[in-house]
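Chain letters run A, B, ... following the sequence lines, proteins first, then strands; residues in each count from 1. Computed from a predicted model, the values in this text were never measured in an experiment.
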Amino acid sequence: MRSHRCGSLRISDAGKTVRLGGWVHRTRDLGGLAFIDLRDRDGLVQVSCDPARAAGDTMAVVQGLTPETVILVEGEVVVRPPEGRNPELATGDVEVRATTVRVVGPATIPAIPVARNRGDKLAAEELRLKHRVLDLRRPELQANLLLRHRLLQCARQVMSAMGFLEIETPILTKPTPEGARDYLVPSRVHPGEFYALPQSPQIYKQLLMVAGYDRYFQIARCFRDEDLRADRQPEFTQIDLEASFVSQDDVQQVVESVLVALWQEAGHTIARPFPHLKWREAMERFGIDKPDLRFDIEISDLTPQVADDAAPFVRDAIVAGGRVRALRVPNAAEASRKEIDGYAALAKDAGAGGLMWAKRTDAGWEGQGTKALGAELLAAVGGAPGELLLAVVGRDTVTSPALHAVRSAVTRRPGMTPTREHAFCWVVDFPLFELDPESGTHVPAHHPFTSPHHDDFGFLESEPGRVRAQHYDAVYNGNELGSGSIRITNPVLQATIFRLLGIPEEEQARRFGFLLDGLAAGAPPHGGFALGFDRIAMLLAGATSLRDVLAFPKTTAARALFEGAPTTVKPADLAALHLTTTD
RNA sequence: GGGGCUGUAGCUCAGCUGGUUAGAGUGCCGGACUGUCACUCCGGAGGUCGCGGGUUCGAGCCCCGUCAGCCCCGCCA
């Protein structure tokens, strides 16, 4: 039906007779003469309709067109006169002189505009989600989904080239009482029994290693029934991979290859290898396990400089096991009181008692923090004129999140420019366990199959909090792109971990039996990784929400406004599934 | 589960201290117009002020509740 796409026509096509199909973006009817901006996924082209050339009732058809109607156009590509060109359009040097125009898909007046005027805002997101087909016609979203397609193809090609096999795993799986809440699917043939949708293919991919598939990957859909955010959807896509006979470094090489290729596909050149940062170091220097390394500013420890002239609450906090930690922001002493109060509010929201601040002027240190921190400390710090010092006192569990929040805000202030555009890093040596504040017991920081660090086996019993995991995160500009680990394949070690976590044998068998049996059947050492693909697509598309890189996303209440899911079902359908509802 | 913001014409928004018939831009409909490209000009239609209750002589505006969307905290092995 078509000979070309609208958006593809160029001056080199002049003279050709073309057949186009597309959506009426806008029309300009000048009376005897009319113009149509015709749109398809490649872009816009102007169609001119002139009674001298148009056949039959074509002029009448054109003058009756409404926006978003689908038409077929036949005509000749002609070069526009120099004064008639439109430099804002990729096709602006040419237009199509129509001989016939046929309506093939009449359209109701769109509920939300697809063609927008300069400066027009987008319709409310609720409406954009409800009328998703219209919103998806917008060139911006079409560009995002095109990029997403290219990234997916790129990932497949790179993984495949490295010898990884794409193997699909079940969507109907066994509920895992660990981790996030499962989406459950009732069984019709087994009354009272349920499948779960996978939170990730974790166990299956380990079993594939046991089964000898060596190198596996999957563009895997995952499901978690938890509350949502701008960067979190109930169903999401991972680039999931696992490999046998590998070290932590081997896995990281593979992941770096994928990330370099994806960024390349989006037009960015990034350098390898990515720098490594130990978890403890990341927390010390940035207060967070996913630091934004585009900015050089770091947290420093001022505790050794605290002297007797510091305020009592500062000295008391140090005696109680706290530290004074601070950000030293160059060229920020001109910050207004309002701006600093904003930082203080962030620190308090993160749990700090308050924020101490001082400005280094030519005359010396000034500001509220000079009393609290004491003159001796500030003298020892020295500092360059123009420096703004922002300090927090307390335990690391308080000062780290507080200073991370302040640092994030400070890096967004107008004068701050990133020292690099793409800051990747590996964060390694995470703790294997973390303390559950409610029960006071050790819980796995990730999943219970993550192998401890070889050097720390000795501390498993004596100091579990000190044991490092062979777990690693890929971090980009302050975003966690994914995480992975080397898995436990030694049954004795696995039993020890379960015992430390207080999981009795009977429960181990019930919950993880099919994995444990698998590992007992001859398991190669293995490890893997999972990249959050939606988030990567979002970052590379320059979008601020996952909803802008998904064709049919859910709202923050996990509703699909377009199709209207979830929904009630007929009592008979519930009965067939042996279900009753309670409210 | 908790906090914040928003909800007025198809869309984007204004609406004063609670007071006559709720406005603008755009879109839509009708008319004019042969080189426009956010065409222009003339005319017209279009409202459950999210929903429910309350206060008041009187509520788009105040109060209570509720629904929806967005952002954040908790949560997300």
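As judged by a 4.0 angstrom heavy-atom cut-off over every strand, P81(A) is placed among residues making no nucleic acid contact. The residue A445(A) sits close only to the backbone: its heavy atoms come under 4.0 Å of sugar-phosphate atoms, none of a base. The residue A557(A) sits close only to the backbone: its heavy atoms come under 4.0 Å of sugar-phosphate atoms, none of a base. Among the heavy atoms of the strands lying under 4.0 Å from L122(A) are primed sugar atoms or P, OP1, OP2 only; no base atom is included.
Checking the phosphate oxygens (OP1, OP2) of C70(B), a side-chain nitrogen or oxygen of R547(A) falls inside 4.0 Å. The side chain of K121(A) contributes no N or O atom lying less than 4.0 Å from OP1 or OP2 of C11(B). A close approach under 4.0 Å does occur between a side-chain nitrogen or oxygen of R26(A) and OP1 or OP2 of C39(B). At the phosphate of G69(B), neither OP1 nor OP2 sits under 4.0 Å from any side-chain N or O atom of T556(A). An OP1 or OP2 oxygen of C73(B) is reached within less than 4.0 angstrom by a side-chain nitrogen or oxygen of R229(A). Contact annotation: R28(A) side-chain N/O to C39(B) OP1/OP2 distance is under 4.0 Å.
Taking the centre of each ring, F529(A) and W426(A) come in below the 6.0 Å mark. Taking the six-membered ring wherever Trp is involved, the centroid distance between the rings of F512(A) and F449(A) falls below 6.0 Å.
Between C11(B), C76(B), C37(B), one nucleotide has an atom nearer to the side chain of R224(A) than all others, and that is C76(B). The side chain of R559(A) has A68(B) as its nearest neighbour among A68(B), U36(B), C75(B). Relative to the side chain of N117(A), the nucleotides C11(B), C76(B), U26(B) differ in distance, and U26(B) lies closest. Side-chain proximity of A124(A) to C71(B), G69(B), U12(B): nearest is U12(B). Comparing atom distances between the A123(A) side chain and each of U12(B), C75(B), U36(B) picks out U12(B) as nearest. Residue R97(A) places its side chain closer to G35(B) than to any other of C29(B), G69(B), G35(B). Closest contact between the side chain of D227(A) and the listed nucleotides U36(B), G69(B), C75(B) involves C75(B). Relative to the side chain of N86(A), the nucleotides C37(B), C70(B), C39(B) differ in distance, and C37(B) lies closest. Minimum atom distance to the side chain of T555(A) is reached by G69(B), of the listed C28(B), C76(B), G69(B). Among G35(B), U12(B), C29(B), the nucleotide with an atom closest to any side-chain atom of L127(A) is U12(B).
Residues R132(A) and L141(A) meet the side-chain proximity criterion, which asks for heavy atoms closer than 4.5 Å.
I109(A) has its CD1 atom 18 Å from the P atom of A9(B), to the nearest Å. Taking atom CG of D225(A) as the reference point, atom C1' of G1(B) lies 14 Å away to the nearest angstrom. Regarding D120(A), its CG atom lies at a distance of 11 Å from the P atom of C13(B), rounded to whole Å. Taking atom CG of residue L30(A) and atom C1' of nucleotide C37(B), one finds them 10 Å apart after rounding to whole Å. Spacing between atom NE2 of H404(A) and atom P of C73(B) amounts to 10 Å, rounded to whole angstrom units. Q46(A) places its CD atom 13 Å from the C1' atom of A38(B), with the value rounded to the nearest Å.
Judged by distance alone, the side chains of Q46(A) and N86(A) never bring a donor and an acceptor atom under 3.5 Å apart.
Between the side chain of R128(A) and the base of C70(B) there is no donor-acceptor pair of N/O atoms closer than 3.5 Å. For D50(A) against G35(B), no side-chain N or O and base N or O form a donor-acceptor pair under 3.5 Å.
Scanning for side chain to side chain contact (heavy atoms under 4.5 Å, CB included) contacts around L172(A) gives V185(A), Y195(A), L197(A), with sequence neighbours left out.
In a base pair of the Watson-Crick type (N1 to N3 plus N6-O4 or O6-N4) or a G-U wobble (N1-O2 and O6-N3), with each distance short of 3.5 Å, U55(B) is matched with no nucleotide. Across every strand in view, G46(B) sits unpaired, with no contact that passes the Watson-Crick or G-U test at under 3.5 angstrom. For U40(B), the paired nucleotide is A32(B), the pair qualifying as Watson-Crick or G-U wobble because both relevant distances are below 3.5 Å. Across every strand in view, C70(B) sits in a pair with G4(B) that passes the Watson-Crick or G-U test at under 3.5 angstrom.
Between E140(A) and R116(A) a salt bridge is recorded (basic side-chain N to carboxylate O distance below 4.0 Å).
Separation of the P atoms belonging to U20(B) and A59(B) is 12 Å when rounded to the nearest angstrom. Spacing between C62(B) and A68(B) at atom P, rounded to whole Å, works out to 23 Å.
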Please evaluate residues K205(A) and D240(A) with respect to the criterion salt bridge (charged side-chain N to carboxylate O under 4.0 Å, His left out), reporting the C-alpha separation (whole Å), side-chain torsions for both, the decisive distance (0.1 Å), and the verdict. CA-CA 9 Å; K205(A) 67 176 175 176; D240(A) 191 50; 2.7 Å; yes
Decide side-chain hydrogen bond (donor to acceptor under 3.5 Å, both in side chains) for E74(A) and T99(A); before the verdict, give the C-alpha distance in whole Å, the side-chain angles of both, and the deciding distance to 0.1 Å. CA-CA 6 Å; E74(A) 194 164 337; T99(A) 49; 5.1 Å; no
